[in-house]
Amino acid sequence: MNATANDLRFYVGLTGGIGSGKSTVARLFAVLGVNVVDTDDIAHQLTQAQGLAIPLIRADFGAEYITTTGSLDRTRMRQLIFTESAAKQKLENILHPLILAQSIARLADSPDAPYAILMAPLLLESPSFLQLVGRVLVVNCTEQNQILRVMQRSGLDEPEICAIIAQQISSAERLACADDIIQNDGTEADLVNQVASLHQQYLNQQ
């Protein structure tokens with residue numbers, strides 16, 4: 001565990017593919033009193049109007065990638081990084097150090113919580129984030145369920161979702177790196193039970 005994020009005794013990295021149910025699992029842990037740090041939420045704040053990343057994105061990508069309200073044009077940026085791998089790396093080089101710094105601060109922000117969860121879609125691809133956690137929890141589901149869930153919550157169509165899935169590491173690679181797995185293809189009650197079981201396990205590891 002990184003010495004800069006050690007105010008809490010125990011950190012769990014939560015990850016999974018798009019539409020796997022990471023946010024739902026994170027909310028269930030939060031209900032149990034766990035400090036949940038969401039890197040997607042941090043990234044969104046950084047790329048809103050007046051966000052710390054906006055001047056850097058404007059300088060590296062051009063003003064056309066900033067909306068008239070001053071936030072990141074996510075649709076335009078998504079289209080760019082799907083077609084240009086160098087653009088994806090450039091964006092990550094801007095965002096990741098900022099996200100990392102805020103993640104470390106937020107992990108230590110609730111000293112009364114029994115442990116903390118760092119929810120990061122790119123956890124396994126990012127050594128600087130991975131070194132912060134003591135265990136890796138992967139939320140997994142079938143690709144069919146991934147597609148259906150993302151279609152229901154967004155305006156993306158199936159080919160767009162499949163393109164996103166193809167850019168992420170495979171389910172098999174995630175599962176190979178997991179210390180713990182939540183299989184999210186069942187009922188809400190089943191998901192609640194899996195989270196409760198892992199929560200007790202993590203409490204016992206303190």
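Quick note: residue numbers are just sequence positions, from 1. The figures that follow rest on heavy atoms only: side chains count, while hydrogens, waters and symmetry mates do not.
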Take atom CD of E125 as the centre, draw a 6.0 Å sphere, and report whether it contains more than 12 heavy atoms from other residues, nucleotides or ligands. yes

May I ask you to test the L124-F129 pair for a side-chain heavy-atom distance under 4.5 Å? no

Residue pair L28, V192: steps toward the side-chain contact (heavy atoms from CB on, under 4.5 Å) verdict: CA-CA 7 Å; L28 291 173; V192 169; 4.0 Å; yes

Would you say CD of Q50 has more than 12 non-hydrogen atoms from neighbouring residues, nucleotides or ligands within 6.0 angstrom? no

For residues I66 and I57, determine if any side-chain heavy atom of one lies less than 4.5 Å from a side-chain heavy atom of the other. yes

Check whether any side-chain heavy atom of L118 sits under 4.5 Å from a side-chain heavy atom of Y11, and report yes or no. no

Could you verify whether a donor N or O on one side chain and an acceptor N or O on the other, from S170 and E173, lie under 3.5 Å apart? yes

Are the side chains of L132 and I104 in contact, using a 4.5 Å heavy-atom criterion? yes

Heavy-atom check, side chain of I165 versus side chain of I18, under 4.5 Å: yes

Just by distance, with hydrogens left out, do Q201 and D180 show a side-chain donor and acceptor under 3.5 Å apart? yes

Does any non-hydrogen side-chain atom of N145 lie less than 4.5 Å from one of R149? yes

Could you tell me whether R78 and D73 have a side-chain N and a carboxylate O separated by less than 4.0 Å? no

Is E84 salt-bridged to K88, cutoff N-O under 4.0 Å? no

Are any side-chain N or O atoms of R174 and backbone N or O atoms of I169, one a donor and one an acceptor, separated by less than 3.5 Å? yes

Hey, any chance M119 and L122 share a hydrophobic cluster, counting ILVMFWY side chains that come within less than 4.5 Å of each other, even indirectly? no

Pair R74, T47: side-chain N/O donor-acceptor within cut-off below 3.5 Å: yes

Q102 side chain near L52 side chain, heavy-atom distance below 4.5 Å: yes

Heavy-atom distance under 4.5 Å between the side chains of F10 and L203, does that happen here? no

For V138 and C177, what are the C-alpha separation, side-chain angles and deciding distance, and is it a side-chain contact (heavy atoms from CB on, under 4.5 Å)? CA-CA 8 Å; V138 170; C177 296; 5.9 Å; no

Single-linkage hydrophobic cluster L148~V139, side-chain heavy atoms < 4.5 angstrom: no

If the plane angle is over 60° it's perpendicular, under 30° parallel, otherwise tilted; pick one for Y202 and F29. parallel

Assess whether side-chain contact (heavy atoms from CB on, under 4.5 Å) is satisfied between R106 and I42, documenting all intermediate values. CA-CA 10 Å; R106 294 186 187 192; I42 293 172; 3.4 Å; yes

Considering all heavy atoms of both residues, which atom of T39 and which atom of S103 are nearest to each other, and what is their separation? CG2-OG, 3.7 Å

Under a 3.5 Å cutoff, is there a donor and acceptor pairing between the side chains of N140 and S171? yes

I117, V31: one ILVMFWY side-chain cluster at the under-4.5 Å cut-off? no

Between T69 and T67, is there a side-chain donor-acceptor contact under 3.5 Å, judged purely by atom types and distance? yes

Could you tell me the separation between the OG atom of S20 and the CD1 atom of I182, rounded to the nearest 0.5 Å? 10.0 Å

